[in-house]
Amino acid sequence: MSESPPDPLAMPAPEPNGFVKTLNSMGYMTSSLDPFSRAFVEFAPQAPGRCLDIGAAYGIASLAALHNGAAVVANDIDERHLQILSGRTPASLRDRLTLAPGNFPDHIDFPAGSFGAVLLCRVMHFFDGPTIERAAEKLRSWLAPGGKAFVVSETPFLKTALTFFPTYQARLKAGDPWPGMVDNVGAHDPKREGTLPRRMHLLDETILRRVFSHAGFAIERLQLFARPDFPADLQLDGRESVGLIARKD
């Protein structure tokens with residue numbers, strides 16, 4: 001008896017390191033929630049409106065927020081990810097899940113004040129500088145007063161970025177407002193070439209503070225943090241990711 005072909009809309013199995021490949025070579029979803037994504041999940045049921053999960057992938061945070069009682073709009077650039085998320089959602093929770101495929105921030109829109117909380121986890125580091133600024137402005141527009149944005153991005157303090165670090169430092173010294181733009185990811189992380197976009201923008205707390213303060217947010221929490229859930233070849237010194245919680249007053 002011949003084997004059945006693999007289901008094209010099944011979530012890939014997690015790798016031994018916990019990463020789950022996306023279907024569109026835009027990196028990976030983690031198998032567990034980082035501290036800032038957990039903060040989003042905890043805030044979601046009491047947020048002043050529905051919650052938006054941008055770049056939801058297969059729904060690690062969306063599902064947790066649904067289980068915690070929130071109504072969630074899940075966005076992703078690849079509609080297949082959202083279809084898998086829908087299939088993973090228990091029938092009892094599905095009436096609180098809305099799927100919203102589209103390319104954030106320029107090809108998806110919502111009315112002002114639509115959401116009480118927005119999660120942008122491991123997405124913003126795929127944007128160039130002007131797109132990051134537009135993203136922050138859209139998030140503030142979409143949030144209701146008292147709503148919060150939760151942001152997680154990768155930083156220049158990844159072990160695979162060590163060969164890029166001198167460039168980052170030189171740009172900082174020269175006053176470059178976007179010092180972490182990597183133009184050839186494969187040159188620094190050949191192991192993951194083909195599963196990541198060619199360009200990646202490594203961010204730090206100074207950049208996120210500047211962008212979100214300028215967009216009119218009040219910064220509640222902003223810090224670099226360790227990623228013990230990352231593969232060992234990415235872990236450097238406990239500053240692998242940067243997290244932000246910003247409030248719209």
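Because the structure is predicted, anything quoted here is derived from the model rather than measured.
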Pair T163, H188: side-chain N/O donor-acceptor within cut-off below 3.5 Å: yes
Ignoring hydrogens and geometry, is there a side-chain-to-backbone donor-acceptor pair from [X] to [Y] under 3.5 Å?
X    : Y    : value
H201 : F127 : yes
K248 : R140 : yes
S25  : L196 : no
E205 : L224 : no
R50  : V73  : no
R221 : G243 : no

Can you list every pair that meets salt bridge (charged side-chain N to carboxylate O under 4.0 Å, His left out) and has a residue in residues 143-155, with sequence neighbours left out? R122-E154, K148-E220
Under 3.5 Å, which donor-acceptor pairs link side chains of residues 207-216 to any protein atom two or more places apart or in another chain?
unit_1 : atom_1 : unit_2 : atom_2 : d
R210   : NH1    : P177   : O      : 3.3
R210   : NH2    : P177   : O      : 3.1
S213   : OG     : R209   : O      : 2.8

What's the verdict on salt bridge (charged side-chain N to carboxylate O under 4.0 Å, His left out) for R227 and D229, showing C-alpha distance, side-chain angles and the deciding distance? CA-CA 5 Å; R227 297 308 299 253; D229 55 328; 2.9 Å; yes
A135 and M124 have their tightest heavy-atom pair at CB-CE, 4.0 Å
T89, V41, D53 screened by side chain to side chain contact (heavy atoms under 4.5 Å, CB included) with L66, the one that passes: T89
Please report, to 0.1 Å, the donor-acceptor pairs under 3.5 Å made by any side chain of residues 14-22, with sequence neighbours excluded.
unit_1 : atom_1 : unit_2 : atom_2 : d
N17    : OD1    : F19    : N      : 2.8
T22    : OG1    : N24    : OD1    : 3.2
T22    : OG1    : M26    : N      : 3.0
T22    : OG1    : G27    : O      : 3.0

